[in-house]
Amino acid sequence: MIDVQYQRGVYLSHEDLWLDPWDAKRFAFVSHAHSDHIAPHDEIIVSKRTARLMQARLPGTRIEHALSFGERRTVHDVDVTLLPAGHIFGSAQFFLFARDETLLYTGDFKLRPGKSAERAEWREADTLIMETTFGLPRYRFPPTEQVIDQIVTFCRETLDDGQVPVLLGYSLGKAQEILCSLDEAGLTPMLHGSVYQMTRIYEQLGQSFCKYVRYNVNDVAGKVLICPPSANRSRMLEKIPHKRVAMISGWATDPNAVYRYQVDAAFPLSDHADYNDLLRYVDLVRPRRVFTLHGFAAEFARDLRERGIEAWALTEENQMELSLGSAGMLPEASGKTRGEVVRQSAGQSGQHARAPQSESEFFAFAHVGERIGAAAAKLQKVRLLADYLRTLGQEQLPIAAIYFTGRAFAQSDPRTLQVGGSIIYRAMMAAAKLSDAEFHRIAHGHGDAGKTAFEALEGRTNPEPFALEESCNFFDTLHRSRGPIAKTELLRSRLAKLSAREAQYVVKILTGDLRIGLREGLVEEAIAHGFEMPLDQVKEAHMLLGDIGATAMLASRKELHRAELSIFRPIKCMLATPEPTAEAVWERFVEGKDPAAQLLSVAAATYDAAGNAATVYLEDKFDGIRAQLHRSGQRVEIFSRDLRRITDQFPELARQARNFEKELIVDGEIIAYEQGRRLTFFDLQKRLGRKSDGADLFDGVAADVPVAFIIFDLLWLNGRSLLKTPLRERRGRLGGLRLPPQFQIAEVMSAHSASEIEQTFQQARRRLNEGLMIKDPESVYLPGTRGMFWFKLKKELATLDVVVVAAELGHGKRNNVLSDYTFAVRDETTGELLPIGKAYSGLTDAEIADLTEHFKQNTIADHGRYREVNPDIVLEVAFNSIQPSTRHASGLALRFPRIKAIRRDKNVDSIDTLEYARQLAAQRSEVGVLE
DNA sequence: ACTGATGCGTC
DNA sequence: GTCGGAC
DNA sequence: GTCCGACGACGCATCAGT
């Protein structure tokens with residue numbers, strides 16, 4: 001008879017062929033595309049469909065003999081036909097003709113028909129090698145329809161309780177099986193990424209499925225989540241507070257399945273044959289001998305023998321049955337010692353002798369912060385801070401000054417902490433040794449990490465004095481440590497050694513938000529006040545240094561004059577004030593000038609050009625990133641708006657800039673630019689925040705988005721600062737520069753009336769630019785300020801009428817109001833409301849208070865900070881652009897969304913449609929293609 | 001190798 | 001980037 | 001006017017988990 005051996009896979013020695021081996025072999029049959037079956041063999045026999053699935057999962061080169069089902073072919077003298085196995089799409093059984101004998105190897109199979117796999121076929125054979133995963137009588141599955149009914153009921157009930165149903169099933173096969181059943185029941189399936197990918201591949205292979213959406217953390221409510229089993233108890237699911245999880249697996253028949261998988265329910269829907277079908281299959285094939293494989297192989301072989309059929313289990317040593325425990329696929333079901341959580345006996349709080357807090361410098365700092373926060377008047381805040389700063393020594397002063405701007409490091413300091421809310425909350429919880437529930441109660445009550453720290457840690461730490469310099473070292477250590485886990489532990493151990501008040505301020509600094517009504521501007525004032533220096537000088541020094549700590553030092557020594565503009569030290573850029581209309585901009589220039597000119601301009605714009613009344617400079621407003629370029633000799637540096645060095649992100653610009661013939665600092669905008677092709681800000685973003693180690697090995701980095709530097713100002717020329725030179729003259733000198741490739745100068749136009757501004761604005765839009773900049777030609781360059789000399793004119797693309805479907809509590813001072821609204825458009829084909837964006841911006845406090853009341857009374861499902869609400873509030877939302885996105889279920893997202901108005905006159909039925917939103921998105925890109 | 005979560009910096 | 005609010 | 005705070009979307013890097 002045909003020789004059958006087994007060693008991590010079935011081996012047919014005469015044919016020198018492996019069937020589903022675990023390890024890579026020279027020549028093998030691969031029954032289906034589950035990942036544990038697709039080792040990188042040299043040469044394989046597969047079904048055509050499995051071959052295509054494998055291409056997607058394991059790209060690479062190998063010799064493939066891809067057979068259609070039923071096709072008889074000879075491969076290396078192996079005479080073979082493949083039959084569908086019914087396990088998953090493409091899964092095949094292997095039917096071998098060997099001389100006058102036949103052999104059928106099932107691979108994984110099932111007999112009951114499924115929606116996503118071909119129906120299994122069979123042939124009689126002398127030898128049958130079959131998988132017997134469920135080879136015990138207790139694994140008899142109820143009819144599929146009945147199980148599906150149970151699953152649907154489970155989902156419905158869960159949804160009715162305002163919770164999210166989660167179904168766990170393998171991403172290839174099982175998940176697709178569940179998909180359609182849900183849709184037929186009127187439920188919307190939402191697929192985990194891996195499930196989604198697999199389903200897409202199925203579709204490419206010609207299978208069709210019902211409607212589904214990809215997993216999106218913001219849009220889970222009301223959906224049925226389908227995840228691979230590995231996702232259970234993962235962070236992804238932890239984020240969903242109110243959920244019920246069900247395992248979809250043949251193992252669900254086990255009475256303790258719910259306990260074993262730690263789920264709320266388990267349903268026996270399987271891609272494998274159950275016990276009945278295994279027996280039935282043996283009857284159909286009428287083999288002379290049977291080899292069993294996987295699962296309860298020994299048990300099933302024994303059952304067959306009792307029925308008079310020769311049967312042997314294939315195990316590691318190709319030995320016959322012997323005990324060997326069996327349940328190979330199961331996580332051990334035995335004596336699971338539930339890890340008792342050893343609780344620390346509480347009671348360490350309070351009595352521990354501690355150093356007086358007055359010795360802690362950091363406590364003094366925090367204390368001043370508290371007093372500043374309590375003071376309502378700005379001047380009083382400034383005075384409090386000034387008094388404090390004066391008491392500090394050389395080492396402490398710069399540190400405290402920086403902390404009071406809400407930063408751990410100076411602005412010009414590129415270090416980052418990589419510590420955000422997630423790490424902070426975990427560290428606080430651990431330091432306070434509070435239970436999840438208790439901690440969440442405290443955290444929910446605040447919505448402010450700092451306040452949470454105070455309440456959570458009060459009385460639960462062992463405070464030690466904390467010097468300001470120590471704190472400085474601590475932040476640096478935090479910066480240098482790698483990975484959230486290490487950072488969490490570092491922070492935890494530090495918090496445990498601080499008083500609650502100090503911890504609160506450490507957390508405030510970490511979040512970058514002091515929330516005491518004071519930032520850079522008032523710190524500057526405090527420095528000026530405290531060290532009796534003119535505010536202007538302090539501001540100027542600060543803007544030149546980009547370091548409030550260093551500024552404070554200079555001020556304390558009366559050496560502010562030593563801060564000078566110097567090349568390769570970036571300065572803040574001058575900002576523009578937004579205006580909604582050309583008229584408003586024009587007003588700005590006319591008002592305050594002599595009354596005669598004002599009259600003239602209103603009465604008849606034509607006089608303006610004739611007289612010497614206002615002339616303004618106009619430039620297109622480009623949609624890129626603000627950049628400041630310094631060049632001297634061979635050295636070039638580029639800085640972003642936040643004074644970060646971005647030279648490495650744009651090496652080709654830096655290289656080209658060496659070819660300027662002068663030493664200079666220019667201000668401008670880097671845009672994604674390629675002749676004849678419309679590039680957008682999103683293209684440009686692909687080049688930001690990127691590390692480009694070694695990228696300069698390759699000139700140009702071919703894959704990069706091409707960019708151009710549009711210069712619009714000149715701040716430094718041949719050793720001289722031009723900050724105090726009028727724009728008119730700066731512009732003039734700019735015109736005299738020779739430009740390297742990839743550098744352009746923004747064209748200046750001038751206008752003498754509102755209507756000219758409006759006209760130019762329209763032209764700028766036609767040139768596909770964001771809008772228009774309007775500048776006073778006589779103005780000097782004021783770094784870091786949004787003065788009345790530069791204006792920007794942008795207009796919304798359109799507005800949408802949308803309906804609010806969810807509301808969320810705000811943070812900080814908005815902690816107790818529902819200030820954050822998720823809104824939706826209507827999908828006209830299904831009638832569904834699909835979220836398209838979020839916003840609160842644009843409403844007054846009174847309106848927010850109103851809406852908060854309304855939404856509290858019209859809540860459909862309350863998930864803590866987040867609640868779904870009755871869709872009865874219609875908003876008019878403005879935005880600057882609209883583009884495809886996976887962020888919201890509508891598949892679109894808005895750029896710079898803001899609420900224009902609450903449309904009490906409208907109801908859900910009159911909101912805009914998804915189709916309309918799509919048209920807006922399409923219009924924009926079409927125009928782009930044309931020009 | 002892949003997905004998802006988080007943090008950061010750009011607008 | 002957006003916006004409203006406080007001084 | 002100016003500053004402050006409370007918010008939007010996106011893309012990249014990094015890490016965790018499997």
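Quick note on labels: first sequence line is chain A, next is B, and so on, each numbered from 1.
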Backbone of A:Ile670 reached by a side-chain donor or acceptor of A:Arg626 within 3.5 Å = no
task = Could you check whether A:Asp820 gets within reach of a base, just the sugar-phosphate, or nothing at all, counting any heavy atom under 4.0 Å?
result = sugar-phosphate
ask   = NA contact type, A:Lys539, heavy-atom cut-off 4.0 Å: base, sugar-phosphate, or nothing?
value = sugar-phosphate
inquiry  = Rounded to whole Å, please give me the gap between CZ in A:Arg515 and P in D:dC7.
reply    = 8 Å
remark   = Under a 4.0 Å heavy-atom cutoff, the residues of residues 803-810 of chain A touching DNA chain D are A:Gly810
query = How is A:Thr577 classified with respect to the nucleic acid when contacts are heavy atoms under 4.0 Å: base, sugar-phosphate, or nothing?
reply = nothing
A:Ser819 side chain near D:dC7 phosphate (N/O to OP1/OP2, under 4.0 Å) = yes
key: 5' priority, DNA chain D, between A:Gly787 and A:Lys686 [closest heavy atom]   = A:Gly787
inquiry  = Rounding to an integer number of Å, can you tell me how far A:Glu524 CD sits from D:dC4 C1'?
reply    = 14 Å
Side-chain donor-acceptor contact under 3.5 Å, A:Arg407 with A:Tyr403 = no
remark   = When rounded to whole Å, the CG to C1' distance for the pair A:Leu237 and B:dA5 reads 13 Å
key: Minimum side-chain heavy-atom gap A:Thr416-A:Phe409 below 4.5 Å   = no
request  = Answer yes when A:Lys539 and A:Glu520 have at least one side-chain N-carboxylate O distance shorter than 4.0 Å, and no when they do not.
outcome  = no
request  = Report which part of the nucleic acid A:Ile424 touches: base, sugar-phosphate, or nothing (heavy-atom distance under 4.0 Å, all strands).
outcome  = nothing
message = If the cut-off is 4.0 Å, is A:Ser640 near the phosphate of B:dT10, judged by side-chain N/O to OP1 or OP2?
response = yes
ask   = Under 3.5 Å, side chain of A:Thr577 to main-chain N/O of A:Gly787, donor-acceptor pair present?
value = yes
task = Indicate, with a heavy-atom threshold strictly under 4.0 Å, whether A:Gln418 touches base, sugar-phosphate, or nothing.
result = sugar-phosphate
task = Taking atom P in both B:dT3 and C:dA6, compute the distance separating them and give it to the nearest angstrom.
result = 48 Å
ask   = For A:Phe404, is the NZ or CZ atom of A:Arg519 found under 6.0 angstrom from the centre of its six-membered ring and inside 45 degrees of the ring axis?
value = no
query = With nearest nucleotides of DNA chain D determined for A:Gly521 and A:Leu894 from heavy-atom distances, which residue corresponds to the more 5′ nucleotide?
reply = A:Gly521
ask   = Does a side-chain N-to-carboxylate-O contact under 4.0 Å join A:Glu808 and A:Lys838?
value = yes
Would you tabulate the pairs of protein nitrogen or oxygen atoms and nucleotide nitrogen or oxygen atoms of nucleotides 15-18 of chain D closer than 3.5 angstrom?
none

query = Within the distance-only criterion (no hydrogens, no angle test), does the side chain of A:Lys381 pair as donor or acceptor with the backbone N or O of A:Ile372 below 3.5 angstrom?
reply = yes
ask   = If you check the A:Phe682 side chain, which of D:dG11, B:dA5, D:dC4 turns out closest?
value = D:dG11
message = By the 4.0 Å heavy-atom rule, please label A:Arg415 as base, sugar-phosphate, or nothing.
response = nothing
A:His888 vs D:dA9: side-chain N/O to OP1/OP2 distance below 4.0 Å = yes
task = Before giving the answer on side chain to side chain donor-acceptor pair (under 3.5 Å), spell out for A:Arg426 and A:Ser422 the whole-Å C-alpha distance, their side-chain angles and the decisive distance to 0.1 Å.
result = CA-CA 6 Å; A:Arg426 270 177 240 148; A:Ser422 188; 2.4 Å; yes
ask   = Taking the same atom, P, in B:dA5 and in C:dG4, what whole-Å distance lies between them?
value = 33 Å
inquiry  = Nearest whole Å is fine: how far is D:dG5 P from A:Glu520 CD?
reply    = 12 Å
request  = Without swapping roles, check the side chain of A:Lys487 against the backbone of A:Leu478 for a donor-acceptor pair under 3.5 Å.
outcome  = yes
message = Given 3.5 Å as the limit, does a donor-acceptor pair link the side chain of A:Lys621 with the main chain of A:Leu772, or not?
response = no
request  = Consider the side chain of A:Arg626, meaning its heavy atoms from C-beta on, and name the nucleotide among B:dT6, B:dC11, B:dT3 that approaches it most closely.
outcome  = B:dC11
Contact letters for nucleotides 1-7 of chain C, in which S counts primed atoms plus P, OP1 and OP2 and B counts the base, heavy atoms under 4.0 Å = SBSSS--
inquiry  = Nearest to the side chain of A:Thr416, heavy atoms from C-beta on, is which of D:dA6, B:dG9, B:dT6?
reply    = B:dG9
key: A:Glu637 and A:Thr647 side chains, donor-acceptor separation under 3.5 Å   = yes
task = Nearest whole angstrom, please: distance from the P of B:dC8 to the CG of A:Asp413.
result = 14 Å
inquiry  = Distance check needed: B:dA5 P versus A:Ile423 CD1, whole Å only.
reply    = 16 Å
request  = Scan side-chain atoms only and decide if A:His192 and A:Ser194 contain a donor-acceptor pair under the 3.5 Å cut-off.
outcome  = yes
ask   = For D:dC7, does OP1 or OP2 lie under 4.0 Å from any side-chain N or O of A:His811?
value = yes
ask   = Would you say A:Arg887 reaches D:dA9's phosphate, i.e. side-chain N/O to OP1/OP2 under 4.0 Å?
value = yes
message = Any base atoms under 4.0 Å from A:Tyr215, or only sugar-phosphate, or nothing? Heavy atoms, all strands.
response = sugar-phosphate
query = When you measure from the side chain of A:Gln197, which nucleotide among B:dA5, B:dT3, D:dG1 comes out closest?
reply = B:dT3
note = Rounded to whole Å, CD1 of A:Ile670 lies from C1' of D:dG11 at a distance of 16 Å
ask   = Looking at CE of A:Met429 and CD1 of A:Ile424, how far apart are the two atoms once the value is rounded to the nearest 0.5 Å?
value = 13.5 Å
ask   = Does the side chain of A:Arg214 get closer than 4.0 angstrom to OP1 or OP2 of B:dG4 through an N or O atom?
value = yes
request  = Specify the separation, in whole Å, of atom CG of A:Leu818 and atom P of D:dC7.
outcome  = 11 Å
